[in-house]
2 protein chains.
Amino acid sequence: MKKMTIAEVASAAGVSKATISRFLNGNYGKMSADTQERIRQTIQRLNYRPNKQAQMLKTNRSGLIGFIVADMGNLYSSKLLSGASAVARENDYQLVIMESNNSLVSEEDALKKFVDQSVEGILIQPISEDSSRYESVGKRCPMVLVDRQTTPKTWPAVIVDNALSTKYLAEYIVKKGYSKIAIFSESLTTDVRRKRYAGMREVAKEHSLESELVEVGNLQLTNTYSDMKKRVSELVSEDEKIAIFASNSQTLLMVLRILDDLRIKIPDEVGVSGYDDWNWAFLAQPAITSIEQNASDVGAEAMRMLLADIDPLRESVKETKVIPSKINIRESI
Amino acid sequence: MKKMTIAEVASAAGVSKATISRFLNGNYGKMSADTQERIRQTIQRLNYRPNKQAQMLKTNRSGLIGFIVADMGNLYSSKLLSGASAVARENDYQLVIMESNNSLVSEEDALKKFVDQSVEGILIQPISEDSSRYESVGKRCPMVLVDRQTTPKTWPAVIVDNALSTKYLAEYIVKKGYSKIAIFSESLTTDVRRKRYAGMREVAKEHSLESELVEVGNLQLTNTYSDMKKRVSELVSEDEKIAIFASNSQTLLMVLRILDDLRIKIPDEVGVSGYDDWNWAFLAQPAITSIEQNASDVGAEAMRMLLADIDPLRESVKETKVIPSKINIRESI
DNA sequence: TTGTACGCGTTATCAA
DNA sequence: TTGATAACGCGTACAA
C-alpha cells in the first residue's frame with residue numbers, strides 16, 4: 001500500500017496533473033462536471049491523499065501552530081492546551097507543543113525549533129517578564145502570549161483577570177457583613193499572587209474593613225501546617241467576623257484541613273473562600289465559594305487571536321485581552 | 001530578513017549546494033578543514049537555517065509524532081503528554097497533539113489527519129477497546145497505545161498497573177492488622193475500577209479478611225454525600241478494625257471530609273488509603289497513604305517504545321508494558 | 001476546458 | 001575533495 005502521487009491519479013483518471021491539482025484545491029471554475037466526477041471517483045478508488053510536505057514546500061505554509069507551555073504537569077496549563085487545541089482543530093491547524101519547564105534556555109530552544117519548523121504562529125506562556133526576549137521570534141512570525149503579559153506590552157496577550165475577580169469576591173464578602181478579611185497567600189513573589197492580594201486588600205480598604213496578610217510557608221513542610229494552625233486559631237479567637245481568602249488551591253485545602261482539625265464551623269464561625277485552580281472546591285462540605293479560572297477559554301481566545309493575526313484577510317487586533325474568571329457562590333461564606 | 005536558501009549560502013561560501021548539504025548533514029568524510037570552516041562561518045554570518053519542508057519532502061521524514069489524548073482536561077492526561085513530550089524532544093521529534101474528547105468520530109478524524117501529515121508514529125490513548133478499530137492506521141505507521149490496552153492485544157501498549165499496586169497496598173493493610181477492608185468505588189463500569197477493586201478484594205480473600213464494596217453514586221450530587229456519610233458511620237460502628245480504600249482521588253477526598261464531619265480519628269478509629277490521581281494526598285492531615293500513578297513515566301515509556309519502533313536499526317519490542325505505580329506509605333493507615 | 005513545463009529547497013548519485 | 005544535476009510531489013503561469 002505505497003503512497004500514491006498526483007501523477008498516478010492523473011494518468012489513472014486520464015487527465016493531467018494540473019487538473020487533479022485544480023480539483024484538489026477547489027478550483028473547478030471551468031471544469032466539466034464530467035471530469036470532476038471522474039477525478040472524484042479515481043481519487044476515491046485509489047484512496048489518494050495529497051502529500052502535505054510537498055504542498056507545504058510549494059505553498060510555503062505549514063499548517064502548524066506552536067504552543068510553548070511552561071509546565072504541563074498542572075491542570076491549569078493542560079486546560080490552556082485543551083482550549084487552544086480545540087480552536088486550532090476547527091480551523092484545520094495542527095498544534096505542536098513544547099514544554100519550557102520554566103527554564104529560559106529550554107524556552108529559547110523551543111522557540112528556535114518552532115521557527116525551524118516554520119510554524120505559522122506561536123502561542124507562548126512566557127517564562128520571562130521581559131518583552132525584549134521575544135523580539136527576534138515575534139517579528140518573524142505571529143505570536144500571542146498566553147496567561148502572562150510581559151513588559152512593556154509589546155505583544156498581544158490573553159490573560160486571566162486576577163485583580164478584578166478577586167475584587168468582585170471581596171465585594172461579596174463585604175456585603176455578607178464580615179468585618180475582617182484574612183488573606184492567606186504564599187510569599188508575594190509572583191505577579192499573580194500580588195494581584196490577588198492587592199485586589200482583596202483594596203476593596204477591604206475602600207469599605208474600611210480590616211485586612212491581614214497571612215503569609216504561608218512552603219506547603220510541603222510539616223511545620224508550615226502547625227504554624228498556619230496557630231495563626232488560624234488566633235484569628236478566629238479575635239472579636240471579629242472573619243472571612244478567610246486563600247489565594248490558591250493548595251492553600252485553600254490546607255486551610256480547610258486546619259479548620260476541621262480545630263473543629264471550627266464553616267461558615268458559622270469563619271467564612272472561607274479562595275481560588276480553586278483544580279476544580280474540587282465544590283466537593284468540600286460545605287461547598288466552598290471560590291474563584292475558578294477559565295483556563296480553556298484563555299487558550300481558546302489566544303488561539304483565535306493568533307489565527308486572526310495569521311490570516312491576512314482578517315484585521316488583527318494586537319491587544320491584551322482579559323478573560324473573566326468564574327465566581328462560584330456557594331455555602332462557605 | 002527573508003529566508004536564506006542553500007543556494008545563496010553556497011554561492012556566498014564559494015562552494016556548491018552539494019557541499020553545503022554534506023556539511024549540514026555531517027558528511028564531512030573527505031571535506032577539507034578549510035572549506036568546513038568557511039561554510040561554518042558563512043552559515044553563521046547569514047544566519048541560515050535549512051528549510052525543513054524541503055528536507056522532509058526529499059527525505060520523506062516529517063520528524064512529527066502524533067499523540068491523541070482522550071481528554072486533556074485532567075491532570076493524568078496532561079502528565080502523559082508531559083512525559084511523552086520530554087522524550088520526543090530529546091530525540092528531536094516534534095509532538096503534535098489532538099484531543100479525541102472521548103468521541104470515536106473525533107478520534108478517527110484525528111488519526112486521519114495524522115496520516116495526512118505523515119507523522120512518523122502515533123501515540124494514542126484509545127477510546128475503543130476494540131483493536132480492529134486501529135488496524136488501518138496501525139499498519140500504515142508505527143503506533144503505541146497509551147494508558148489502555150485493547151483486545152485482542154494486537155498493539156504494543158504502555159499501561160499503568162492497577163491490579164498489582166492495589167494488591168501491594170492490600171498486603172500492607174493486612175500486615176497492619178486490619179480485619180476488614182471497605183472499598184469505596186464508583187460503579188464498576190470501567191476496566192480500571194474493576195481492576196482496582198479486584199486487586200484489593202483478592203488479597204483480602206487470600207488472608208481471609210472481610211472486604212466490602214461500597215459503591216458511591218455520582219459525586220456531584222448532594223445526596224451522594226449523605227448516603228456515603230450514613231454508610232461510613234455504620235462501618236465504623238462495626239466491631240472490626242476497618243481500613244478504607246478509596247479507588248480514586250475524588251472519592252478519597254469525599255471520604256476524608258466525611259470522616260472529619262463525623263469527628264472520626266485517622267488512623268486511630270479507621271485506616272484510610274486510596275488512589276491519589278491529583279497528588280494532593282500528602283497535604284492532608286494526617287498525610288494519606290496512597291497509590292500514585294506515574295503518568296509521566298507512562299507517556300515517556302510509550303514514546304520510547306514508539307521511537308524504537310520507528311528506528312529501523314533498533315529492534316522494536318511489541319509488547320504490553322506495565323508501569324508500576326508508586327505507593328506512598330504515610331500516616332493514615 | 002485542459003495540458004505543458006517550471007520551480008519550491010533540499011538530498012543524493014555520479015562524475016570529475 | 002568537490003560540483004553538476006536529477007529527483008521528491010505538488011501548484012500555477014502560460015499556452016493551447
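Numbered from 1 within each chain, the chains take letters A, B, ... in sequence-line order.
- Counting only heavy atoms from C-beta on, A:R22 has its side chain closest to C:dT2 among C:dT10, D:dG9, C:dT2.
- Contact check, A:Q55 against D:dG11: a side-chain N or O comes under 4.0 Å of OP1 or OP2.
- Closest non-hydrogen pair, A:V69 versus A:M72, comes out as CG1-SD, 3.5 Å.
- How far CD1 of B:I323 is from CD1 of B:I159: 9.5 Å, rounded to the nearest 0.5 Å.
- As rounded to whole Å, 19 Å separates atom P of D:dA7 from atom CD1 of A:I6.
- Side-chain proximity of A:T5 to the nucleotides C:dG3, D:dG9, C:dG9 is greatest for D:dG9.
- Rounded to an integer number of Å, the gap from CG of A:N51 to P of D:dA7 is 18 Å.
- No engagement by A:F23 is indicated, since no non-hydrogen atom pair under 4.0 Å with the nucleic acid exists.
- Here CE of B:M98 is found 13.5 Å from CZ of B:F67. Values are rounded to the nearest 0.5 Å.
- With values rounded to the nearest 0.5 angstrom, B:S62 atom OG is found 12.0 Å from B:L57 atom CG.
- Atom CD of B:E37 is separated from atom C1' of D:dT2 by 18 Å (rounded to the nearest Å).
- At whole-Å resolution of the value, CD1 in A:I39 and P in C:dT2 are 8 Å apart.
- Taking atom CD on B:E8 and atom P on C:dC8, their separation rounds to 11 Å, with Å as the unit.
- Within a 6.0 Å radius of CG in A:N60, no more than 12 heavy atoms belonging to other residues, nucleotides or ligands are found.
- Sequence order on DNA chain C of the closest nucleotides to B:I20 and A:R38 puts A:R38 first from the 5' end.
- For A:L24, counting side-chain heavy atoms from C-beta on, the closest listed nucleotide (D:dG11, C:dG9, D:dT2) is D:dG11.
- Looking at heavy-atom distances under 4.0 Å, B:N25 makes contact with sugar-phosphate atoms alone, never a base.
- Rounded to whole Å, atom C1' of D:dA7 lies 19 Å from atom CE of B:M56.
- The distance between atom CG of B:D116 and atom P of D:dC10, rounded to the nearest whole Å, is 12 Å.
- Side-chain N/O atoms of B:K58 and base N/O atoms of C:dA12 include no donor-acceptor pair closer than 3.5 Å.
- As judged by a 4.0 angstrom heavy-atom cut-off over every strand, B:Y28 is placed among residues making no nucleic acid contact.
- For A:Y48 and D:dG9, the shortest distance from a side-chain N or O to OP1 or OP2 is not below 4.0 Å.
- In this model, the phosphate group of D:dC8 is not approached by any side-chain N or O of B:T59 to a distance below 4.0 Å at OP1 or OP2.
- In this structure, the NZ atom of A:K17 is 10 Å from the P atom of D:dC8, given to the nearest Å.
- Remark: A:S21 is not in phosphate contact with D:dT12, judged by side-chain N or O atoms under 4.0 Å from OP1 or OP2.
- Taking the side chain of B:S32 as heavy atoms from C-beta on, and the options D:dT2, C:dT4, D:dA7, the nearest nucleotide is D:dT2.
- Between A:T19 and C:dG3 there is a side-chain polar atom (N or O) within less than 4.0 angstrom of OP1 or OP2.
- Rounding to the nearest 0.5 Å gives a distance of 9.5 Å between CD1 of B:I124 and OG1 of B:T150.
- Considering only side-chain N and O atoms, B:T35 lies under 4.0 angstrom from the phosphate OP1 or OP2 of D:dT2.
- Of the residues near DNA chain D, B:L57 and B:V15, the one whose nearest nucleotide (by heavy atom distance) lies more toward the 5' end is B:V15.
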